[in-house]
Asker: 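Sending over a structure as structure tokens; questions will come in a sec.
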Number of protein chains: 2
Amino acid sequence: MALRKTFLFMDTIINKVDAKGRVSLPSDYRAIVKELSTEIVCYRSLTSPCIEGCLEDLLDKLATDMENSLDFFSQTQDDLTNLIFGDAKRFAFDSTGRIVLTEKLLKHAQITDTAVFVGKGRKFQIWNPENWEKEEARIRAEVLKKRPSLAPKENVQ
Amino acid sequence: MALRKTFLFMDTIINKVDAKGRVSLPSDYRAIVKELSTEIVCYRSLTSPCIEGCLEDLLDKLATDMENSLDFFSQTQDDLTNLIFGDAKRFAFDSTGRIVLTEKLLKHAQITDTAVFVGKGRKFQIWNPENWEKEEARIRAEVLKKRPSLAPKENVQ
DNA sequence: TTGCATACCATATTTTCCCATGTTATATAA
DNA sequence: TTATATAACATGGGAAAATATGGTATGCAA
């Protein structure tokens, strides 16, 4: 496959999680990861009961931003990055495309036997199905309420 | 073919959708896509019962804009990226020029066996034929009402 | 040896690819 | 301009490949 210009995690995919914590990384995601690396990085979301995943490059960019930006000297931001880097862990997928999520991550996201992968552009999230259903409803309501100027239609057009 | 200067989706094309969800991307559209990529991105319109399609570059630009405009931990950015990228999906067309639309998209647009592609410049939309007929009438009426000075009647007379 | 994690194998299902055909559009020659 | 040949396109059906997922075996470490 020719090298892709863009690397965006998209779509919403539901996969089973077995007793060992094994779950298939959606093939679309794997295709993206494979072009740049062999593994992803996952960590507990700071703001939601879900797992976040991304390529290591993104965390590297975050580290660089922290070094360069005055904004990021704030105690809060400093604390947040501590939490992220302290929590993040690499996950390689096997020949069948599965990763093995840790107990810590699964517990944080309240995931037992089913996981929902939600694309987020440079990142993605992994949710408990019921939780994601509620979250998506909340977001839709919130976005429509807040401002049409932030709605996709206005930005993308 | 010489390199095109502009990349605008235009015209209105009606195509069949088979039981597998397969539908031919209009050849004019394919010609545009082929010059920049091998696939398109589709998602449910936030405001209308139709599918929207565009090139991935457009969403990539959006991802970059959001990274730069809002800070890494912004709640608003979080919500928007979930909503947009969680819904969008890449679609590659095969050697015969078809894409396979998902059940989710078809349902949102109320499309069963026929789809109407409507050019929209950088984007295009896919409609159920009846719905599009009504929508087009509505849009025309709306335009005439809002801008009487541009109405055909006044100009042609 | 036991527990745990990883690698390997098997299979049902889904998705993608390939070929065939009718139709439409385009080009060429009379 | 008309008739005919040629190419491009849309569309249906089936074969092949990829994916998700359960189960088993293997290796390492406590």
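Letters A, B, ... are given to chains in the order of the sequence lines, protein chains preceding strands, and every chain is numbered from 1.
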Asker: Taking donor-acceptor contacts at under 3.5 Å, does the side chain of A:Lys16 reach the base of C:dT13?
Answerer: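 Checked by distance alone, the answer is no.
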
Asker: How many whole angstroms separate atom CZ of A:Arg30 from atom P of C:dT15?
Answerer: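 Nearest whole value for this atom pair: 14 Å.
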
Asker: Under 4.0 Å between any heavy atoms, over every strand shown, what does A:Leu25 touch: base, sugar-phosphate, or nothing? Just pick one.
Answerer: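 Sugar-phosphate contact only.
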
Asker: Testing A:Phe117, A:Trp132, A:Phe124 for side-chain contact (heavy atoms from CB on, under 4.5 Å) with A:Thr12, which one passes?
Answerer: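 Only one option passes, and that is A:Trp132.
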
Asker: Just to be sure I understand the rule, does A:Ser27 reach a base, reach only the sugar-phosphate, or reach nothing, if contact means heavy atoms closer than 4.0 Å?
Answerer: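 Counting heavy atoms under 4.0 Å across all strands, the contact made by A:Ser27 is with sugar-phosphate only.
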
Asker: Under the ring-ring contact (aromatic ring centres under 6.0 Å, His included) test against B:Tyr29, which residue among B:Phe9, B:Phe93, B:Phe7, B:Phe91 passes?
Answerer: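 For B:Tyr29, the ring-ring contact (aromatic ring centres under 6.0 Å, His included) check succeeds only for B:Phe9.
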
Asker: I need the CG-C1' distance between A:Asn15 and D:dT21, as an integer number of Å.
Answerer: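 So the CG-C1' distance, A:Asn15 to D:dT21, works out to 9 Å.
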
Asker: State the OG1-CZ distance between A:Thr38 and A:Arg90, to the nearest 0.5 angstrom.
Answerer: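 Going from the OG1 atom of A:Thr38 to the CZ atom of A:Arg90 covers 9.5 Å.
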
Asker: Answer with base, sugar-phosphate or nothing: what part of the nucleic acid does A:Ser95 contact at a heavy-atom distance below 4.0 Å?
Answerer: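 No contact.
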
Asker: Tell me: CZ of A:Phe91 to P of C:dA7, nearest whole Å?
Answerer: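 So the CZ-P distance, A:Phe91 to C:dA7, works out to 14 Å.
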
Asker: Determine the contact category for A:Asp94: base if any of its heavy atoms lies under 4.0 Å from a base atom, sugar-phosphate if only primed atoms, P, OP1 or OP2 are that close, otherwise nothing.
Answerer: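 No contact.
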
Asker: By nearest heavy atom, map B:Arg22 and B:Ile13 onto DNA chain D; which one lands nearer the 5' end?
Answerer: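 Its nucleotide being nearer the 5' end, the pick is B:Ile13.
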
Asker: Should A:Tyr43 and A:Cys54 be marked as a side-chain contact (heavy atoms from CB on, under 4.5 Å) after you check the CA-CA gap, both sets of side-chain angles, and the distance that decides it?
Answerer: CA-CA 9 Å; A:Tyr43 53 93; A:Cys54 64; 4.3 Å; yes

Asker: Just the rounded figure in Å: distance from C1' of C:dT15 to CG of B:Leu101.
Answerer: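 For the pair B:Leu101 CG and C:dT15 C1', the rounded distance is 14 Å.
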
Asker: Write down the distance between CZ (A:Arg98) and P (C:dC9), rounded to a whole number of angstrom.
Answerer: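 About 14 Å, once rounded to whole Å.
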
Asker: With DNA chain C as reference, determine whether B:Val100 or B:Thr96 sits nearer its 5' end, using the nearest nucleotide of each.
Answerer: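 Nearest-nucleotide comparison on DNA chain C picks B:Val100.
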
Asker: Does A:Arg140 form a salt bridge (charged side-chain N to carboxylate O under 4.0 Å, His left out) with A:Glu136? I'd like the steps, not just the answer.
Answerer: CA-CA 6 Å; A:Arg140 284 197 178 269; A:Glu136 193 190 9; 3.7 Å; yes

Asker: Does B:Val17 or A:Gly97 map to a spot on DNA chain D nearer the 5' end, using the closest nucleotide for each?
Answerer: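 Between the two, 5'-proximity favours B:Val17.
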
Asker: Could you give the CG-to-C1' distance, from B:Asp18 to C:dT16, as a whole number of Å?
Answerer: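 These atoms are roughly 13 Å apart.
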
Asker: Nearest-Å distance, NZ (B:Lys20) to P (C:dC17)?
Answerer: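 Roughly 12 Å, once rounded to whole Å.
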
Asker: If I take atom CD1 in residue B:Ile99 and atom C1' in nucleotide C:dC17, what distance separates them, rounded to the nearest angstrom?
Answerer: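 It works out to 16 Å between those atoms.
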
